Amino acid sequence: MRALPSAPVEKVIVTYKSQATEAGSNTAAKNDTAEKAAKTGEKLSFERRLAGGGALVDLGDSATKQDVAEVMDAFRADPSVASVEPDIRAYAMAVTPNDTDYAKQWDLFEPTGGMNVPSAWDKTTGSGVTVAVIDTGYAAHTDVAANVVNGYDFISTSADARDGNGRDADAKDEGDWNATAGECGAGSTASNSSWHGTHVAGTIGAVTNNAKGIAGIAYNAKIQPVRVLGKCGGSSSDIADAITWASGGTVPGVPANPTPAKVINMSLGGASATCPSVYQNAINGAVSRGTTVVVAAGNSNANASGFTPANCANVINVASTSREGNRSYYSNFGSIVDVSAPGGETRRATDTPGTVTTPENGIYSTLNSGTTVQSAENYKPYQGTSMAAPHIAGLAALLKSAKSTLTPAEIESAIKANARPLPGTCTGGCGTGIADSAKTVDAVTGTTTPPTGTVFTNATDVTIADNATVSSSIAVTGRTGNAPAALKVGVDIKHTWRGDLVIDLVAPDGTVRNLKASSSSDSADDVVTTYTVDASSEVANGTWKLQVRDVASGDTGYINSWSLTF
């Protein structure tokens with residue numbers, strides 16, 4: 001770590017005993033400072049009273065260490081003084097890492113498209129948390145090795161594993177190349193090995209401040225490589241067992257995981273209209289054991305609902321954003337996306353597929369130079385929701401390290417609630433925005449208390465006529481980011497047959513959330529209650545509406561008042 005600068009002391013803080021006149025009188029403290037100046041021959045001045053009661057005494061910018069020591073001795077010798085101490089300097093601890101390629105990691109620190117990671121390092125670096133990377137395995141890399149713990153190879157078919165056997169305790173990446181087109185089914189192409197899992201691992205947990213390569217987001221966390229992808233991808237049966245094992249569950253024929261992961265990253269997926277039960281059961285089991293599961297939304301520029309495990313429940317589904325803060329041109333989207341993170345763009349959308357025209361805008365991480373089998377370690381920029389997901393997995397590790405009691409649901413909620421709106425554009429839905437590491441860490445540690453409990457109210461009566469739809473508006477201003485995941489909607493409606501009413505909340509972008517359905521059997525009067533809705537996908541500022549529809553005749557009423565509590 002970089003050494004802190006040594007700044008000269010120019011002031012001292014004098015605390016007087018409670019019974020001393022100087023403890024409560026600035027005039028007396030000023031006179032005492034003058035006496036100490038005469039005694040020591042130094043130019044001293046009483047500057048101000050501190051909130052804690054101490055007196056701040058200025059020695060001037062030319063004071064030497066010897067001068068400071070002499071002044072402090074003079075105050076200490078005074079029986080009216082309880083203590084005296086130097087007014088020392090503190091420094092921001094989020095210093096720039098000395099990793100040689102850190103400048104290429106715009107995704108960590110740039111204000112437009114980055115994830116505000118360095119400011120979180122003051123409080124947490126991932127210590128005590130293991131992150132399982134369920135992927136292609138691990139290609140040895142000296143910029144990650146110190147953080148790697150033993151994993152497992154779950155590829156059950158020897159030909160796909162390329163290691164001469166089925167499942168074993170060696171998670172080494174044997175390469176996922178395809179020698180010829182069509183080898184992995186119709187439409188498959190010949191390709192080199194990707195070393196995908198090693199790239200993902202570097203983003204999460206590359207060793208940092210080692211004067212080499214890159215910085216990892218949770219650089220004191222441990223990385224557990226779990227191999228499921230080999231030749232022609234991987235099977236859902238192997239992947240499901242890997243999820244179970246990584247999170248500390250039992251898999252027949254496989255030794256127990258000695259270092260269960262509290263975060264799982266799955267930068268993988270395939271087309272499926274539904275989440276297979278084998279995936280969902282494994283994910284549910286992992287979450288029940290306290291493991292947060294992060295998945296990539298997919299790279300088909302399509303609705304993520306058609307891809308799995310992105311469409312499974314109990315996961316954090318991550319879309320990709322560009323350096324400019326737009327949805328990456330390839331990223332999947334949709335209402336099931338939870339949050340976005342930098343995934344980069346190594347080419348423009350209009351450039352020839354397969355080319356790399358803007359490498360500086362990709363996600364730079366650890367890799368291997370081998371075209372088929374492992375060769376020399378290196379670094380390379382990639383793009384994809386596969387690169388976005390490990391940013392969130394790294395953040396989840398930071399959060400779990402900062403507050404070990406957090407559940408997967410609390411981690412997901414914190415990440416979503418503290419994301420910032422995309423500075424660019426997103427068509428189709430990018431979750432609550434780009435995750436903000438420092439803001440999220442601050443929120444869960446209580447370092448800062450975001451403004452909560454602000455109530456916006458409209459108490460103007462609005463008549464509800466039979467078979468009519470009316471609305472009442474509230475203009476929300478002064479908020480930052482998105483609305484909360486637990487937005488409180490207070491409703492006070494006077495009506496002689498409340499079953500006639502359908503009540504909806506309309507967000508500023510026009511999204512409608514139903515609060516109450518009609519019921520012909522509910523003849524009670526009035527609706528006076530508070531609804532809680534997940535509005536975390538909506539920007540907070542704007543005009544919100546309470547929309548009330550009367551679906552029957554014979555009874556009338558009015559909106560008396562309603563409120564939103566942020």
Side-chain angles (χ1 to χ4, degrees), residues 335-336 338 409-410 412-414 416-421 429 431-433 439 443 446 448-566:
S335 61
I336 69 167
D338 293 305
E410 288 170 337
E412 177 178 354
S413 177
K416 291 164 66 174
N418 291 284
R420 59 187 174 88
T432 60
K439 184 180 177 184
T448 58
T449 303
T452 58
T454 303
V455 181
F456 297 83
T457 302
N458 186 339
T460 302
D461 291 354
V462 178
T463 300
I464 305 169
D466 283 338
N467 296 298
T469 300
V470 299
S471 65
S472 174
S473 300
I474 290 177
V476 175
T477 60
R479 310 300 298 175
T480 58
N482 285 30
L487 177 64
K488 304 297 184 183
V489 185
V491 175
D492 183 353
I493 296 176
K494 308 304 182 186
H495 198 275
T496 52
W497 189 299
R498 68 186 182 195
D500 289 355
L501 303 180
V502 176
I503 305 175
D504 295 312
L505 177 68
V506 183
D509 68 354
T511 300
V512 177
R513 290 172 171 80
N514 180 250
L515 303 179
K516 177 190 175 300
S518 61
S519 172
S520 59
S521 62
D522 187 0
S523 61
D525 293 345
D526 305 336
V527 180
V528 182
T529 189
T530 299
Y531 300 97
T532 300
V533 299
D534 182 357
S536 58
S537 62
E538 307 291 342
V539 174
N541 284 340
T543 300
W544 297 74
K545 295 180 180 179
L546 186 73
Q547 182 173 278
V548 181
R549 180 161 52 98
D550 190 328
V551 299
S553 302
D555 293 89
T556 58
Y558 62 96
I559 301 173
N560 185 42
S561 67
W562 73 288
S563 65
L564 295 170
T565 303
F566 286 78

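These numbers were taken from a predicted model, which means no experiment stands behind them.
Put simply, the side chain of Arg513 gets close to the backbone of Asp534: a donor and an acceptor are under 3.5 Å apart. Remark: the backbone N or O of Gly431 is not paired with any side-chain donor or acceptor of Lys416 at under 3.5 angstrom.
In this structure the side chain of Asp550 reaches within 4.5 angstrom of the side chain of His495, judged on heavy atoms. In this structure, the side chains of Thr529 and Leu515 stay at 4.5 Å or more apart for every pair of heavy atoms. Residues Thr463 and Val470 have side chains not in contact (no heavy-atom distance under 4.5 Å, counting atoms from C-beta outward). Between Asn514 and Val512, the closest side-chain pair of non-hydrogen atoms is not below 4.5 Å.
Once rounded to the nearest 0.5 Å, the distance linking CG of Asp504 with OG1 of Thr511 reads 12.0 Å. With values rounded to the nearest 0.5 angstrom, Asp509 atom CG is found 4.0 Å from Glu538 atom CD. For the atom pair CD1 of Ile464 and OG of Ser471, the computed distance is 11.0 Å after rounding to the nearest 0.5 Å. To the nearest 0.5 angstrom, Ile493 atom CD1 is 3.5 Å from Ile503 atom CD1.
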side-chain contact (heavy atoms from CB on, under 4.5 Å) between Lys494 and Val528, intermediate numbers included:
CA-CA 8 Å; Lys494 308 304 182 186; Val528 182; 4.3 Å; yes

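Annotation for Arg549: atom CZ does not count as buried by contact number, only 12 or fewer foreign heavy atoms lying within 6.0 Å. Remark: Lys545 NZ is loosely packed, at most 12 non-hydrogen atoms of other residues, nucleotides or ligands lying under 6.0 Å away.
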Exercise answer: donor-acceptor pairs, residues 556-564 side-chain atoms, under 3.5 Å, sequence neighbours excluded:
from	atom 1	to	atom 2	distance (Å)
Asn560	ND2	Asp492	OD2	2.9
Trp562	NE1	Ser472	O	3.4
Trp562	NE1	Ser472	OG	2.9

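Among all heavy-atom pairs drawn from Ala483 and Ala535, the shortest one is CB-O, 3.4 Å. For Ser553 against Asn467, the heavy-atom pair with the smallest separation is OG-ND2, 2.8 Å. When all heavy atoms of Ala443 and Asn418 are compared, the pair lying nearest together is CB-ND2, 3.5 Å. Residues Ala475 and Phe456 share a closest heavy-atom pair of O-CD2, 3.9 Å.
Paired with Arg498 under the rule side chain to side chain donor-acceptor pair (under 3.5 Å), one option of Asp525, Asp555, Asp522 passes, and it is Asp522. Put simply, the residue from Leu505, Val489, Asn458 that forms a side chain to side chain contact (heavy atoms under 4.5 Å, CB included) with Trp544 is Leu505.
Take Asn482 and apply the side chain to side chain contact (heavy atoms under 4.5 Å, CB included) test, not counting sequence neighbours, and it matches Pro421, Thr432, Val539.
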